[in-house]
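Report on the following structure.
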Amino acid sequence: MMAVSIRGLYFLITLFLASFFGSIFMLGPVVPLMMLSPAWYRWITDRIVATWLTLPVALLELVFGVKVVITGDGFIPGERSVIIMNHRTRLDWMFLWCCLLRYSYLRLEKICLKAALKAVPGFGWAMQVASFIFIHRRWEEDRTHMSNMLEYFCHIKEPLQLLLFPEGTDLTENTRARSDKFAEQNGLPKYEYVLHPRTTGFTFIVDMLRKGDNLDAVHDITVAYPQNIPQTERHLVLGLFPREIHFHVQRYAAAALPVGAPGLGRWCQERWLEKELRLKEFYRADPRCFAQPEARVPACKSELRVSLIKALSLLYWTGFISACCAGLWVSAPLRLYLLLMVLFFLGQQKLTGGVELMELACHRHWSSESRERAGAHDKED
């Protein structure tokens with residue numbers, strides 16, 4: 001049996017405390033703003049959440065020495081896109097922030113992920129406030145929720161980069177066996193390094209964002225780990241951090257994508273066949289790079305600026321966690337506030353289903369008020 005790693009515990013405890021205290025003391029005071037202006041609430045909370053997203057990057061690269069290699073097209077800074085990526089481990093979504101910190105803006109990212117995660121204290125609360133899209137893997141139910149969330153983002157002109165894992169789950173022996181069974185039933189090739197993608201959600205999201213004029217491109221990212229693949233959080237606890245993370249980015253302009261679900265579905269399947277071949281070459285031949293030695297589009301931040309952001313993030317969050325612990329130790333009002341906010345996050349989820357659903361309800365209310373005022377003004381004219 002492998003021993004628990006002090007480094008791994010430090011990593012997970014730091015992330016948990018930062019998300020827990022951040023939800024309570026940084027995001028909590030902003031929540032009432034959603035009742036007055038959901039658009040302004042979204043603008044502010046996106047930037048607060050983005051400060052937390054820099055922390056895992058700082059820990060991985062500064063503390064644990066993880067090397068990040070990015071090849072391919074890169075990103076055009078600030079571009080509105082859907083990001084599709086192979087799901088090698090349960091932690092790919094967090095590792096991707098190392099790429100986005102350099103080539104995009106972390107405040108734009110939203111993730112489409114399992115609804116069960118919203119109940120996790122700290123992490124789940126912050127993801128609710130960030131308006132991530134939670135799904136239950138029941139399409140009729142998920143379709144309605146996705147439609148509501150995407151319409152909201154389009155209506156408030158909120159640019160976003162929505163991360164989606166079309167495979168639906170991470171790559172393991174069990175999930176590969178299910179993918180192979182699906183391939184046999186449908187006359188498709190069996191894959192070793194990826195799973196066959198589910199294209200329904202992808203085609204729906206792309207179609208809705210196109211109609212809402214909120215999509216510039218699709219970024220297809222292939223992620224690979226040449227050494228140490230941490231499949232789950234348990235591997236991090238054991239100290240099994242990746243030594244390197246490789247991202248190969250391919251950008252496809254929205255205007256160049258096929259129109260309609262069948263065409264988009266085939267397009268997505270073709271990308272996964274390419275991923276299988278690319279990863280086979282990567283792991284069997286030369287794992288130093290996927291294609292080019294560097295991304296063709298320059299990073300929007302210099303390495304000096306990235307290093308400064310990581311250092312400041314580590315300093316800020318270390319100080320913030322320490323200050324929160326000290327404040328709770330000496331201040332009874334602060335402890336009362338924490339208790340009330342914990343009760344709020346737990347209670348609202350039972351009553352409304354999540355902070356993001358409260359935000360949608362506030363948006364509908366103000367949209368209805370605006371339409372009524374506009375109708376009354378037209379009648380006066």
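Note that this is a predicted model, so its numbers are computed, not measured.
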Hey, which of E359, R364, R42 is the one that makes side-chain hydrogen bond (donor to acceptor under 3.5 Å, both in side chains) with Y152? E359

Measure from NZ or CZ of R107 to the centre of the six-membered ring of Y105 and say whether it is under 6.0 Å with the direction within 45° of the ring axis. yes

Does L108 offer a backbone N or O that forms a donor-acceptor pair with the side chain of Q161 under 3.5 Å? no

Polar contact flag, side-chain donor to acceptor under 3.5 angstrom, E244-H246: yes

Euclidean distance, F20 CZ relative to I321 CD1, rounded to 0.5 Å: 12.0 Å

Once side-chain hydrogen bond (donor to acceptor under 3.5 Å, both in side chains) is applied, what residue pairs with a partner in residues 109-125 remain, sequence neighbours excluded? D46-K110, W97-E109, K118-E356

Side-chain H-bond candidate by donor/acceptor type, D170 with H87, under 3.5 Å: no

For F75 and H219: C-alpha separation, side-chain torsions, deciding distance, then whether ring-ring contact (aromatic ring centres under 6.0 Å, His included) applies. CA-CA 8 Å; F75 285 72; H219 286 95; 4.0 Å; yes

Pair D216 + R80: basic N to acidic O under 4.0 Å: yes

side-chain hydrogen bond (donor to acceptor under 3.5 Å, both in side chains) partner of H248, chosen from T71, D73, D220: T71

If the threshold is 4.0 Å, N to carboxylate O, is there a salt bridge linking D142 and R138? no

Exceeds 12 heavy-atom contacts within 6.0 angstrom, atom NE2 of H155: no

Pair T175-T172, side-chain donor/acceptor within less than 3.5 Å: yes

Under 3.5 Å, side chain of W93 to main-chain N/O of C112, donor-acceptor pair present? no

salt_bridge(E192, R176) N-O dist < 4.0 Å: no

Could K67 and E61 be called an ion pair, given the rule that one side-chain N must be under 4.0 Å from one carboxylate O? no

Any side-chain to backbone donor/acceptor pair from S104 onto L100? Under 3.5 Å, distance only. no

When rounded to the nearest 0.5 Å, the distance separating SG of C268 from CG of L273 is 12.0 Å

Salt bridge flag under 4.0 Å for residues E167 and R198: no

Does the Y193 side chain pair with the main chain of L171, one donor and one acceptor, at a distance under 3.5 Å? no

Please identify which of these residues, I135, I205, V206, meets the side chain to side chain contact (heavy atoms under 4.5 Å, CB included) condition with L164. I205

Could you tell me whether the side chains of R278 and T222 share a donor-acceptor contact shorter than 3.5 Å? yes

Not counting sequence neighbours, list each pair that qualifies as a side-chain hydrogen bond (donor to acceptor under 3.5 Å, both in side chains) and has a residue in residues 323-345. none

Looking at CG of N86 and CZ of F165, how far apart are the two atoms once the value is rounded to the nearest 0.5 Å? 8.5 Å

Can a cation-pi geometry be assigned to R137 and W139, taking NZ or CZ under 6.0 Å from the six-membered ring centre and within 45° of the ring axis? no

Using modelled atom types and a 3.5 Å cut-off, is there a donor and acceptor pairing between side-chain atoms of T352 and backbone atoms of Q349? no

Does R271 pair with E274 as a salt bridge, N-O distance under 4.0 Å? yes

